[in-house]
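Below you'll find the structure, written out as structure tokens, and then a few comments.
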Amino acid sequence: MVLTREENDLLTRVGPGTPGGELLRRYWMPVAVAAELTPEQPTRLVRLLGEILVLFRDRTGRVGLLSDRCAHRSASLVYGRVEERGISCAYHGWLYDTRGCILETPPERNDAIINSVKQPAYPVRKYVGMYWAYLGPEPAPELPPYDTLVRRDGRRRLVIHPVLDCNWYQAMENSVDPAHLQILHQEYIGRGRQPVNTTRGFTDDVADTDFYVTSIGIMKKRTYKTGQVDEHPLVFPNILRQGYSTQIRVPLDDTHTAHIHVMFEPTPDGSLADEAEDPPVEYLAPYKDPPDAVHPDAVYNLRSVLAQDHMAWETQGPIADRTLEHLSYSDRGIHLFRKVTREQIDRVQRGLDPMGVIRDPNHPMLDTNIDESTKVESGGGRPVGVGAPTPAD
Ligand code: FES
Ligand SMILES: [Fe+2]
């Protein structure tokens, strides 16, 4: 069933006031690695859901996220100077605190403006070595207690992939597209075997694929002819959980998506790991040349599973035109994800929380199948993977 242009927009647009953007505004999103804010560089430009914001830490340690456009005459606050009370616009010195209150309006003091104007400000929390922001209506929900983010019996690290120069929904549709693993990634999953031919890749390893909706998303189930079962979830709306990785796709705007992997490796004996420090961070090199170009001007290097994925997602277009596609039986996970997305948009429009929004501060940890998927990842007879934690899907 081909989508209309209106349906394509519904699923892909992320800006304020769009149905999809309002859905995404019900979730906390990571916006920066915590170590990226330093005393020397206490401000940082943040793009999130089509908004341009400034993240800053004042000299007392409070972190704020404000609209980047100064309320006075629109200069960027990224170039502002931080002090104890907040951030002061570089142009004329208007001073804002982390809640967006205007404290000063140099050179004069204009109480009418101070009392009536507020800079758009969003809550920020530090979690798993990153700052997370919530752009939706108050009150903000709880940060998501996914096992890979909160379990203490293991080590975490962050891997920052290059920004995807395409819409977030392409990356998420890929997360319910198990058939592509045996084709697109055939060079990386054979463990020395040769595929029967390049067209089928390792497709014939797979007996069956299935999908089912859970309380937090969509479980993708792949059964191999060996009897091995590989189940890992799309955590609604923007996370793929696979192996050791929690792959968070953060919509920056309609055509750019941050791609952050939280890697969690449980200790073999269940012992607790010391979490005094933020997880180490690795920034990956671009998957294409030139790094800022898009298809057909960029050439993708395909040197890893994720490089192949980025190629596939970006070459679908900045926003894939789904009026042109021809879905087949193997695309039924994509059909299901679109259906779930529409249902969750509908919930938001009826004033309800969508799937996976947590309000209870004592909510138990959410199981994302980490033990099952790491068992598969670390061998277990799966005809896939290259030993250690190479993200595959
Ligand atoms: S534009 Fe920011 S203080 Fe004037
Ligand atoms: Fe993939």
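The structure displayed is predicted, hence computed values, not measured ones.
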Query raised in the report: So among Gln349, Arg350, Arg342, Gln344, which one has a side chain to side chain donor-acceptor pair (under 3.5 Å) with Asp346?
Result: Arg350
With a 4.5 Å heavy-atom cut-off, do [X] and [Y] have their side chains touching?
| X | Y | value |
| --- | --- | --- |
| Tyr91 | Ser76 | no |
| Tyr287 | Glu314 | no |
| Ile239 | Thr246 | yes |
| Gln119 | Val54 | no |
| Val150 | Tyr127 | yes |
| Pro318 | Asp165 | no |
| Arg57 | Val82 | no |

Query raised in the report: Should the heavy atoms of other residues, nucleotides or ligands under 6.0 Å from NZ of Lys118 be counted, would the total exceed 12?
Result: yes
Query raised in the report: More than 12 foreign heavy atoms under 6.0 Å from NE2 of His335: is that the case here?
Result: no
Can you give each donor-acceptor pair under 3.5 Å made by side-chain atoms of residues 17-39, sequence neighbours left out, with the distance rounded to 0.1 Å?
{"residue": "Thr18", "atom": "OG1", "partner": "Arg13", "partner atom": "O", "Å": "3.3"}
{"residue": "Thr18", "atom": "OG1", "partner": "Gly15", "partner atom": "N", "Å": "3.4"}
{"residue": "Thr18", "atom": "OG1", "partner": "Gly15", "partner atom": "O", "Å": "2.7"}
{"residue": "Thr18", "atom": "OG1", "partner": "Gly21", "partner atom": "N", "Å": "3.0"}
{"residue": "Glu22", "atom": "OE1", "partner": "Arg26", "partner atom": "NH1", "Å": "3.3"}
{"residue": "Glu22", "atom": "OE2", "partner": "Gly17", "partner atom": "N", "Å": "3.0"}
{"residue": "Arg25", "atom": "NE", "partner": "Glu51", "partner atom": "OE2", "Å": "3.4"}
{"residue": "Arg25", "atom": "NH1", "partner": "Val14", "partner atom": "O", "Å": "2.9"}
{"residue": "Arg25", "atom": "NH1", "partner": "Gly21", "partner atom": "O", "Å": "3.1"}
{"residue": "Arg25", "atom": "NH2", "partner": "Leu49", "partner atom": "O", "Å": "2.9"}
{"residue": "Arg25", "atom": "NH2", "partner": "Glu51", "partner atom": "OE2", "Å": "2.7"}
{"residue": "Arg26", "atom": "NH1", "partner": "Glu22", "partner atom": "O", "Å": "3.0"}
{"residue": "Tyr27", "atom": "OH", "partner": "Met355", "partner atom": "O", "Å": "2.6"}
{"residue": "Trp28", "atom": "NE1", "partner": "Pro141", "partner atom": "O", "Å": "2.8"}
{"residue": "Glu36", "atom": "OE1", "partner": "Val33", "partner atom": "N", "Å": "3.2"}
{"residue": "Glu36", "atom": "OE1", "partner": "Arg44", "partner atom": "NE", "Å": "3.1"}
{"residue": "Glu36", "atom": "OE1", "partner": "Arg44", "partner atom": "NH2", "Å": "3.3"}
{"residue": "Glu36", "atom": "OE2", "partner": "Tyr283", "partner atom": "OH", "Å": "2.5"}
{"residue": "Thr38", "atom": "OG1", "partner": "Glu40", "partner atom": "N", "Å": "3.4"}
{"residue": "Thr38", "atom": "OG1", "partner": "Gln41", "partner atom": "N", "Å": "2.8"}

Query raised in the report: In the hydrophobic clustering (ILVMFWY, side-chain contacts below 4.5 Å, transitive), which residues join Leu184, or is it alone?
Result: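 Its cluster mates, by chain and number, are Tyr300, Leu302, Met311.
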Requested in this report: With side chain to side chain contact (heavy atoms under 4.5 Å, CB included) as the test, would you mind laying out the steps for Ile52 and Arg69 before giving the verdict?
Outcome: CA-CA 8 Å; Ile52 298 180; Arg69 180 187 300 151; over 6 Å; no
For the hydrophobic clusters of this structure (ILVMFWY residues joined by side-chain heavy atoms under 4.5 Å, transitively), does one cluster hold both [X] and [Y]?
| X | Y | value |
| --- | --- | --- |
| Leu53 | Ile248 | yes |
| Trp132 | Ile160 | yes |
| Trp168 | Val294 | no |
| Leu149 | Tyr244 | no |
| Ile370 | Val235 | no |

[X] and [Y] ion-paired at < 4.0 Å:
| X | Y | answer |
| --- | --- | --- |
| Arg322 | Glu7 | no |
| Lys220 | Asp230 | no |
| Arg347 | Glu343 | no |
| Asp278 | Lys126 | yes |
| Glu173 | Arg338 | yes |

Which value, rounded to the nearest 0.5 Å, describes the distance between [X] atom [atom1] and [Y] atom [atom2]?
| X | Y | atom1 | atom2 | value |
| --- | --- | --- | --- | --- |
| Asp253 | Arg47 | CG | CZ | 7.0 Å |
| Asn167 | Leu11 | CG | CG | 9.5 Å |
| Ile319 | Asp9 | CD1 | CG | 7.0 Å |
| Ile113 | Trp94 | CD1 | CH2 | 4.0 Å |
| Ile87 | Leu66 | CD1 | CG | 7.0 Å |
| Asp353 | Arg359 | CG | CZ | 4.0 Å |

Query raised in the report: Is the centre of the Phe211 ring less than 6.0 Å from the centre of the Phe337 ring?
Result: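 Centroid distance Phe211-Phe337: not below 6.0 Å, so no.
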With no hydrogens and no angle check, do the side chains of [X] and [Y] hold a donor and an acceptor under 3.5 Å apart?
| X | Y | answer |
| --- | --- | --- |
| Thr267 | Asp153 | no |
| Ser245 | Gln247 | yes |
| His185 | Gln308 | yes |
| Gln316 | Tyr169 | no |

Query raised in the report: Parallel, tilted or perpendicular for His161 and His310, by the 30°/60° rule?
Result: tilted
Report task. Answer yes or no: is there a donor N or O on one side and an acceptor on the other, between the side chain of Gln170 and the main chain of Ala320, under 3.5 Å? Result ->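 Flag set: sc Gln170 to bb Ala320 pair under 3.5 Å.
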Query raised in the report: Looking only at heavy atoms, which two atoms of Gly86 and Leu95 are closest? And how far apart?
Result: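 Minimum heavy-atom contact is C-CD1, 3.9 Å.
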Report task. Just do the side chain to side chain contact (heavy atoms under 4.5 Å, CB included) check on Thr203 and Gln186 with the steps written out, would you? Result -> CA-CA 9 Å; Thr203 298; Gln186 57 184 276; over 6 Å; no
Query - Full working for salt bridge (Lys or Arg N to Asp or Glu O under 4.0 Å) between Arg151 and Asp147 - result: CA-CA 5 Å; Arg151 260 173 67 165; Asp147 45 11; 5.3 Å; no
